[in-house]
Amino acid sequence: MNIKNVFSQFKEGLYKSRIELANKLAFLFSDSKDKSDFLEKLEELLILSDLGTCATAEIMNEFQQINFREYKENNFIFFKEKLKATLIDILNSTASDIKINEDRLNIIMLVGVNGSGKTSVAGKIAYRLKNINKDIIMVPADTFRAAAIQQLKILADKVGAEMINTKEGADPASVVYDGISAARARKKNIVIIDTAGRLHTKTNLMNELEKIKRVIQKEANDCSLEILQTIDATMGQNAIAQAEFFNKSLGVTGIALTKMDGTAKGGIVIAIKKELDITVKLISCGEKLNNLYDFKADKFVEALLD
Amino acid sequence: MFASLTDKFQTIFKKIKNKGKLNENDIKNCLHEIRIALLEADVNYKVVKEFIDSLHDKIQQEKISESLTPTQQIIKIVNGEITLTLGSKQNDLSISPAPPTIIMLVGLQGTGKTTTAVKLANYFRKKGNLPLLIATDIYRPAAIEQLQVLGEKSDLPVFSMERNENAVNIIKAAIKYSSKKNHDVLIIDTAGRLHIDDKLMNELQEIDENIPFQEKLLIVDAMAGQDAVNSAKVFCDKIKVSGIILTKLDGDTRGGVALSLKKVLGVPIKFIGIGEKVDNFEPFHPERMASRILGMGDVLTLIEKVETAYNEDELKKLDKKMKDHNFDLNDFYLQLKKMKNIGSVDQIMDMVPGFNNLKNRIDVAKLGDREGELKKIEAIISSMTVEERENPSIINGSRRKRISRGSGTQLSDINRLLKQFYQIKEMFKRGPKLKNFSFN
Ligand SMILES: Nc1nc2c(ncn2[C@@H]2O[C@H](COP(=O)(O)OP(=O)(O)O)[C@@H](O)[C@H]2O)c(=O)[nH]1
Ligand SMILES: Nc1nc2c(ncn2[C@@H]2O[C@H](COP(=O)(O)OP(=O)(O)O)[C@@H](O)[C@H]2O)c(=O)[nH]1
Ligand SMILES: [Mg+2]
Ligand SMILES: [Mg+2]
């Protein structure tokens, strides 16, 4: 069973205010005076979408090669298609869905910096799985932030999923241990772990996550483990460092790109894919439980360019 | 990071050295590097564009090409400009002449409003006030509990009501309550909202129209990217934000958003959040933020120190000595010692004419930085005769043996020292004899 089938529409709710960008693009592709004018506008578009200077430079490089005169006539379509293809090419990946294996324990752990949407995404994933009648155990391993446990509890109750109990200040690795034991005892094969937010530069807190992973490996060696990092679409270049550090510590299996219902373009995931080859798997576009979608490179890029 | 920007500058200046003067293209190259640095720090594209244009004029006016240390000069100019833009006289929070002072925190989801509310209350309590926290986030699950727990932990009172009460009513009730309890500062935590969420933005406007706020503070995540100016602008348009607090600066974000916001909105940045704990909270320092955006850490302090140690006169003397081929072993030793006194020799060499261009910099840096090496050099040089120090070319094989015995060092130590000394001298022999000679 693979979650992908369950989630359908993706563009809905995405980019409420795309008008400004659309105008800019029409301008970019049709009204450029000459090659350097076009390239400057292209650079502006990419940088403003948070792709960063490296990824932008590489994409620009591809456009430098084009013989502009040849395509002058109907350049609007041509350049747009070329840009689309370039971006989709970067983002595309074969391993972009979350698999649920019926024959073993599935552990999905949310990690990421503070306030990026871990708890919300944990709730949203539970909601999706509950909708297809999966049995879930929620594990509140954020025992640090005030009322984080209650927040997850409220979401779990809404979804109708079970959450194991713990107290603020408990050792997160022990909570995870308890969660795995509970899943085994109650014969539930999906465990969703919410963890505390932490900046990737805090070594002791990153060690704490590594310890959680060791517990999982020890207690559920045969499980299918999904470590999802939430990346807030409003983030800038620091998200590359976030992804790099979390990946180095844990081996991140995918990204959940959150807050895509705003006006930020989330272009940083293009840079992350390019530099670290980490795939975006999910997109969150709002605070409701059903605002979670599978990531589709072509749709994402289309939304970026349309 | 500093290394990357100065290294790039130095590559540019090295080319200039051969031409002797900074031309339009050289300035462009420098500005290009500055531009990249700012974009990498997430300063907004349009803000960078404007900034670079104004820098251009400034750099031209400053006659960089006549400076002995153009790299430092440019960095100082850039840093100065950013500091100026970031700075503001009204960093303090204003207090209402007739209590209570009412302060509201607003912003996007997850930026740190609730955490900052408690930090702010703690800050006022330390100043002798009697603050009251007010919970109005009725949307996010357990948001009210979060504020209650945080308040309790820090022993700060929190006012809250049922979740179905609207924000204006909660605040009005809190004001009434506070007058009885003598609270003189009210801090209102609000729900996170998207700037394009009309319903919630209207709610915010309604709160603003009904409550006499002293301060309306926008809480911004320091890791924010290019879109931050767009959302912040809407908040400012709708409720006339009076100040900004940047959060999560305890990580490694360069925080270019500070520059964008200040430049586009003109709203002062008042405080920064540097951690999740209640006292991880500081006033905003424009100079520190400027070096951070440029990715230069404390290098500016170092530049300052170098500038104090090497004033213009001193640099000229050193310059003259080298050009007249009077630079001797005594000078070499004195220079190393001087650098060592300021900081790391490797870093200082970047900034001192002559040394910054050395081919075997690493070796020389090791000489200066390694404990004991300087002592060794001192021993070697003091075992030389006055004549040998001033004119090392006479130091032949037998003299080397004598010096080695006298100083208790290896022959190879002496050979290495002499080699490095000659390399420095050699560089100056080849230098162009132009009036505007630039060392870099
Ligand atoms: N607009 C919007 N808000 C979101 C989204 N995902 C999470 N949030 C909000 O962001 C804030 C932080 O989310 P939370 O899940 O608590 O983040 P955590 O600290 O990483 O666990 C909350 O106010 C959420 O409601 C999203 O996709 N869109
Ligand atoms: N590292 C760090 N985390 C912070 C800082 N300020 C807030 N946070 C964390 O960011 C997350 C969101 O903060 P919160 O106050 O709930 O944000 P709100 O949704 O705007 O109210 C929490 O995990 C906080 O602990 C800060 O200055 N540094
Ligand atoms: Mg959380
Ligand atoms: Mg809050």
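The model shown is predicted, which means the values in this text are computed figures rather than measured ones. Letters A, B, ... are given to chains in the order of the sequence lines, protein chains preceding strands, and every chain is numbered from 1.
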**OP:** Check the pair A:Glu287 / B:Arg193 against salt bridge (charged side-chain N to carboxylate O under 4.0 Å, His left out), numbers first and verdict last.
**Re:** CA-CA 10 Å; A:Glu287 296 180 272; B:Arg193 64 201 78 216; over 6 Å; no
Original post:
Does the side-chain contact (heavy atoms from CB on, under 4.5 Å) test come out yes or no for B:Asp252 and A:Asn238, once each step is laid out?
Top reply: CA-CA 8 Å; B:Asp252 60 355; A:Asn238 192 253; 2.7 Å; yes
**OP:** List the steps, then state whether side-chain contact (heavy atoms from CB on, under 4.5 Å) holds for A:Gln237 with B:Arg254.
**Re:** CA-CA 9 Å; A:Gln237 301 310 297; B:Arg254 303 262 293 277; over 6 Å; no
Original post:
Is there a side-chain contact (heavy atoms from CB on, under 4.5 Å) between A:Val113 and B:Met223 once you walk through the steps?
Top reply: CA-CA 10 Å; A:Val113 297; B:Met223 297 179 281; 4.0 Å; yes
Original post:
After noting the C-alpha distance and the side-chain angles of A:Asp261 and B:Asp197, does the key distance pass the side-chain contact (heavy atoms from CB on, under 4.5 Å) rule?
Top reply: CA-CA 10 Å; A:Asp261 46 332; B:Asp197 185 331; over 6 Å; no
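Rounded to the nearest 0.5 angstrom, B:Arg140 CZ and A:Ser120 OG are separated by 7.0 Å. To the nearest 0.5 Å, the span separating CG on A:Leu48 from CG on B:Asp227 amounts to 9.0 Å. Between atom CD of residue B:Gln226 and atom NZ of residue A:Lys265 there is a gap of 10.5 Å, rounded to the nearest 0.5 Å. Between the CG atom in A:Asn114 and the CD atom in B:Glu276 there is a gap of 4.5 Å [rounded to 0.5 Å]. Summarising the geometry, atom NZ belonging to A:Lys202 is positioned 3.5 Å from atom CG belonging to B:Asp250; distances are rounded to the nearest 0.5 Å. For the atom pair CD1 (A:Ile47) and CG (B:Leu39), the distance works out to 5.0 Å, reported to the nearest 0.5 Å.
Counting heavy-atom pairs under 4.5 Å between each of B:Ser231, B:Gly251, B:Ala224 and chain A puts B:Ala224 at the top. Contacts with chain B were tallied for A:Ile240, A:Ile268, A:Leu199; A:Leu199 has the most, counting heavy-atom pairs under 4.5 Å. No other option in B:Thr247, B:Thr111, B:Asp42, B:Leu150 has as many heavy-atom pairs under 4.5 Å with chain A as B:Asp42.
At least one side-chain heavy atom of B:Asp221 sits less than 4.5 Å from a side-chain heavy atom of A:Met235. Looking at heavy atoms from C-beta onward, B:Gln146 lies out of side-chain contact with A:Gln151 at the 4.5 angstrom threshold. Side chains of B:Pro141 and A:Leu155 form a contact here, defined as non-hydrogen atoms less than 4.5 Å apart.
No more than 12 heavy atoms of other residues, nucleotides or ligands sit less than 6.0 Å from atom NZ of B:Lys277. Other residues, nucleotides and ligands contribute more than 12 heavy atoms inside 6.0 Å of the NZ atom of A:Lys130. Around the NZ atom of B:Lys28, the shell of radius 6.0 Å holds no more than 12 heavy atoms that belong to other residues, nucleotides or ligands. Within 6.0 Å of the CD atom in A:Gln64, the count of heavy atoms belonging to other residues, nucleotides or ligands exceeds 12. Annotation for A:Asn204: atom CG counts as buried by contact number, over 12 foreign heavy atoms lying within 6.0 Å. Within 6.0 Å of CD in A:Glu210 there are more than 12 heavy atoms belonging to other residues, nucleotides or ligands.
Between the side chain of A:Lys259 and the main chain of B:Gln109, a donor-acceptor pair closer than 3.5 Å is present.
Using a cut-off of 4.0 Å between Lys/Arg side-chain N and Asp/Glu carboxylate O, A:Glu43 and B:Arg35 are scored as salt-bridged.
Nearest heavy-atom pair across B:Tyr45 and A:Glu40 is OH-O, 3.6 Å.
Every residue two or more places apart in sequence or in another chain that forms a ring-ring contact (aromatic ring centres under 6.0 Å, His included) with B:Tyr123 is listed here: B:Phe271. Residues passing the ring-ring contact (aromatic ring centres under 6.0 Å, His included) test with B:Phe284: none are found, sequence neighbours excluded.
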